[in-house]
Protein chains: 2
Amino acid sequence: MILVNQKQIARELGISIATVSNALTGKGRVSADVIQLVTARAEELEYFPSAAGRALKTGRSGILGLVIPDITHPVFPDFAHGVETEAEKCGYGILIADSRGTEAGQKTAIDQLIQRGVDGIIIIPTRSSNPNTSKVPTAIVSTPTDPKSNVAANHRQGGQLSAQTLFDLGHRNFLLIGEDPMSPVQNERIDGMKDILDGAAKFEIYWANEEFPDLVLKAKEGVTACLAVSDLLALRVITEAGRLGVRCPDALSVIGFDNLPLGTAVRPTLSTIMPDTTELARRAVGYLNSAIRQDSDQPSSSVVEMGIILRESTQKITQPTQQGD
Amino acid sequence: MILVNQKQIARELGISIATVSNALTGKGRVSADVIQLVTARAEELEYFPSAAGRALKTGRSGILGLVIPDITHPVFPDFAHGVETEAEKCGYGILIADSRGTEAGQKTAIDQLIQRGVDGIIIIPTRSSNPNTSKVPTAIVSTPTDPKSNVAANHRQGGQLSAQTLFDLGHRNFLLIGEDPMSPVQNERIDGMKDILDGAAKFEIYWANEEFPDLVLKAKEGVTACLAVSDLLALRVITEAGRLGVRCPDALSVIGFDNLPLGTAVRPTLSTIMPDTTELARRAVGYLNSAIRQDSDQPSSSVVEMGIILRESTQKITQPTQQGD
DNA sequence: CTATGATGATTAAACGATTAATCAAGAATA
DNA sequence: TATTCTTGATTAATCGTTTAATCATCATAG
C-alpha cells in the first residue's frame, strides 16, 4: 500500500523528477546510462505511473466506455470480450455500462462514463434511440441501415447466407421465424432471406411473439427447412420439433444466428450465422481510437460481413416428399 | 469538448476556487447564498468534477475492478450485471478484465487494473489459483470450500435442493451428470446431490467429458430423473433424449444449474437451480467497500444459498415403470 | 474601548506526472 | 581565443481538485 512515485526514484538516485519522467517515457534528452539506471530502479521498486497524475496532465485517462443494452443477453458478452482485447492492444481499459435497454438508462450510462473521464465511448444503442454524445468521441455500433451507425454487422447479407446455404442443400420449402416484428436487426435478417427465396422457393414467415407455427402441420405441408433469426429461436424450433416427433435434421433442417454457446450443447448441434465479432470489435475500437486522436482520414461507417458455421442441424435434403403419417 | 472547471465558475462568480469546491462538496464554511449561487451556476454550465483531479488529490478513483475467467461464458454476465448495479449504488464504476481462464492472464489482468488506479478488485479466481493482491483491497468470489473465498454461492446446498426436489416428486432412480471431474464447483454440486440420494435412492454418476450415458438404455434400466450440473448439460440431455425418443419430461425429468437464458427457449422449458446473483454481488461489493474504507467489523467470508426455478422439465413421476419398447 | 469569538471567504500547498524553458559544460567551428 | 552547437540535465509551471492554514469582518463579552 506504500506509494512508489517518480519523486522517490529521483530522490534515491539523486536526480531530478523530470529526468525520471523523461527516462521512463523516452521523451526529452537523457543519457543512455541514466535511462538504464532509472528503468532498473523502477523495475526493482515495482513502480507504476499514477493513472490519476498522468490523466490530469495529459487530459487522457486511457479508458474507453462501452454501453450495451443488456450484458445478460448472450449476444453482447462476445462483443464485449472482443472490445476488451482490442482495447488492450491500443493501451485502453474498458468501463462497461448497462443501459438496461431503455433510453433513460442509456443517457445516464453515458453521463456516468463521461463523468468518470473516459476518452471515448462505444455504444450499441437501444432500439432506435439517438444517443447525444457531443462531449466525447463516440463509435456507434448498430445496423447498416441505421444512419448513425459507424460500425455494423451485415445482417441482411447474413440472412442471404442463411437462405442460400439451405437452398443449395436442396431445400425449396422454408419457414422463416422471427421473434419481434419491431426489431430492425431481425427484419434485416428476414429481408436477406427473402432476397434469396423470393420467386425461387416457397416460404412463410412467422413471428414467435405473435404465433408459433405448428411444426407437424408444416412438415405435412412439405416444409423441410427452418431459418430462425437467432439461436435461441432455433433452439425452440429444434426442441419443439423433438417433442412433436418431427425428426431433426432428417425431416427438418434448422439454422440460427449468433453462435451462442448453446449451439454446441444442443443435439443436433446447431448451424449458425454470425459476424466476426473480433473484426467488429477491432473496427469499433479502431474508429474510436482515431476519432480520439483526431485522425481525419477514417471511414465514417463500415460494415462487416457475416460468416457461417455448419454443424449437424443443417442437412442435404433426403427426398423432397411429404412426411409425418 | 470545452472544459468547465471550478476555476471557471469561480471566475464568473468573482469568488475563489476553494469556495467553489467547498460549496459543491458541502465541506468547509460557506454561506447559504453562495452555495445556492455556485450550485446553480454549476448546474447551468453542466459542470462535472474532473475524475482525474479528484483522484489525484484524494487517492481514490471511484472505480472497482472485476476479474472474471471468461466473459463469454454465460454464467458470468449475470454476476457482472449485479456487480455493476450494486457498485453504482455505492458510487463506483466497474472496470471488467478477462483473465482468459489462465493464471498468467489473471495476473496481468490484476496488474492492469491496479495500474489504472482501481480502489479495489473483485476476483472470480481461475481454477484453484492464488491471486496475489497485497497491493489493493480484494474480494474473492469462489466456492465455500475455498479457504481464500470471501463470498460464495452454496453449490453443495444447491445440489441438495436439486436432488431433494426431484426426490419429493417421487423419483427414485437418478442419473447425475457432470462435465469436468476436476471442477470444484461441479464436484460440490454433485456432492450435494449425493447427500440426499445416498441410501435413499438409486443413482449413477457420469462425466460428459469422458462418457455420455446411453439414455435409451438408462431409461430401460428405470432411470426417471437426470440431475445436471449446468443448464448447458441439461440442454444436451433434453435434446439427446428428444432425438432418441425418450420423452421429456414424461419419461425423464431434467434439471440444470445457472438459469441461463436458454432455459426459457428450450421445450420443455428447463427447471434450474441458481444463486441469487444480486445478493451475491451485493455482498461482494459490500465486503470490498468496507475493506476499502477499512471498516474492521466485516465478516471475512459469507455464503449465499441457492434457489430453484421450477419449469416444465421436472414432473411428478407418472409410473415408476420401465418404458422404451 | 479592547479582547475574544464566530463566521465566511481567501491563500497556498499539496497530489503525481508531463513538458516547455532554461542552463551548464564540453565539443566543434571560426 | 572567442563563438556557436550539442548534449544532458534541471527548474518551474501546469493539469483540476481538495484542504489546512490564514485572514478579514463584524458581533459579543469583558
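Fair warning: this is a prediction, and the values are worked out from it, not measured in the lab.
Checking D/dA9, C/dC15, C/dA17 against the side-chain heavy atoms of A/Tyr47 singles out C/dA17 as nearest. Residue A/Arg54 places its side chain closer to C/dT18 than to any other of C/dT7, D/dG16, C/dT18. Side-chain proximity of A/Ala18 to the nucleotides D/dA12, C/dA17, D/dT17 is greatest for D/dA12. Listed candidates were C/dT19, D/dA9, D/dT17. Nearest to the side chain of A/Asn22 is C/dT19. Picking from D/dC15, C/dA17, C/dA9 the nucleotide with the shortest atom distance to the side chain of B/Val30 gives C/dA9. When each of D/dG16, D/dT18, C/dG8 is scored by its nearest atom to the side-chain atoms of B/Ile17, the top-ranked nucleotide is D/dT18. For B/Ser50, the side-chain atoms get nearest to D/dT17 when compared with the rest of D/dT17, D/dT19, C/dA17.
As a whole-Å value, the separation of A/Gln8 CD from C/dA17 P is 11 Å. Between the CD1 atom of B/Ile9 and the P atom of D/dG16 there is a distance of 13 Å, rounded to whole Å. Per the geometry, CG belonging to A/Leu13 stands 10 Å off P belonging to D/dT10, to the nearest Å. Rounded to an integer number of Å, the gap from A/Gln115 CD to D/dT17 P is 12 Å. B/Arg60 has its CZ atom 13 Å from the P atom of D/dT18, to the nearest Å. Look at CZ on B/Arg11: it is 19 Å from C1' on C/dA9, rounded to the nearest Å. When the C1' atom of D/dT11 is taken as reference, atom CZ of A/Arg29 falls 15 Å away, rounded to whole Å. Between B/Ile15 atom CD1 and C/dT11 atom P there is a gap of 12 Å when expressed in whole angstrom units.
Contacts of A/Ser21 with the nucleic acid, taken as non-hydrogen atoms under 4.0 Å apart, include base atoms. Note on A/Val34: only backbone sugar-phosphate atoms sit closer than 4.0 angstrom, heavy atoms only; bases stay farther off.
For the pair B/Lys57 and D/dT19, the criterion of a side-chain N or O lying under 4.0 Å from OP1 or OP2 is not met. In this structure, B/Thr19 reaches the C/dT10 phosphate: one of its side-chain N or O atoms is under 4.0 Å from OP1 or OP2. Contact annotation: B/Lys27 does not reach the phosphate of D/dT18 (side-chain N/O to OP1 or OP2, under 4.0 Å). Between B/Gln6 and D/dT18, a side-chain N or O to OP1/OP2 separation shorter than 4.0 Å is present. Residue B/Lys7 places none of its side-chain N or O atoms closer than 4.0 Å to OP1 or OP2 of D/dT17.
For the pair B/Leu56 and B/Ser16, nearest-nucleotide mapping onto DNA chain C gives the more 5' position to B/Ser16.
With a 4.5 Å cut-off on side-chain heavy atoms, A/Pro74 and B/Pro74 do not count as touching. Counting heavy atoms from C-beta outward, A/Ile140 and A/Pro131 have side chains that approach closer than 4.5 Å. No side-chain heavy atom of A/Arg116 sits less than 4.5 Å from a side-chain heavy atom of A/Ile63.
In this structure, a donor-acceptor pair under 3.5 Å is present between the side chains of B/Gln6 and B/Tyr47. At a cut-off of 3.5 Å, with distance as the only test, no side-chain donor of A/Glu103 or A/Ser129 sits close to an acceptor on the other residue.
Between A/Arg283 and A/Glu279 there is a salt bridge, since at least one side-chain N of the basic residue sits less than 4.0 Å from a carboxylate O of the acidic one.
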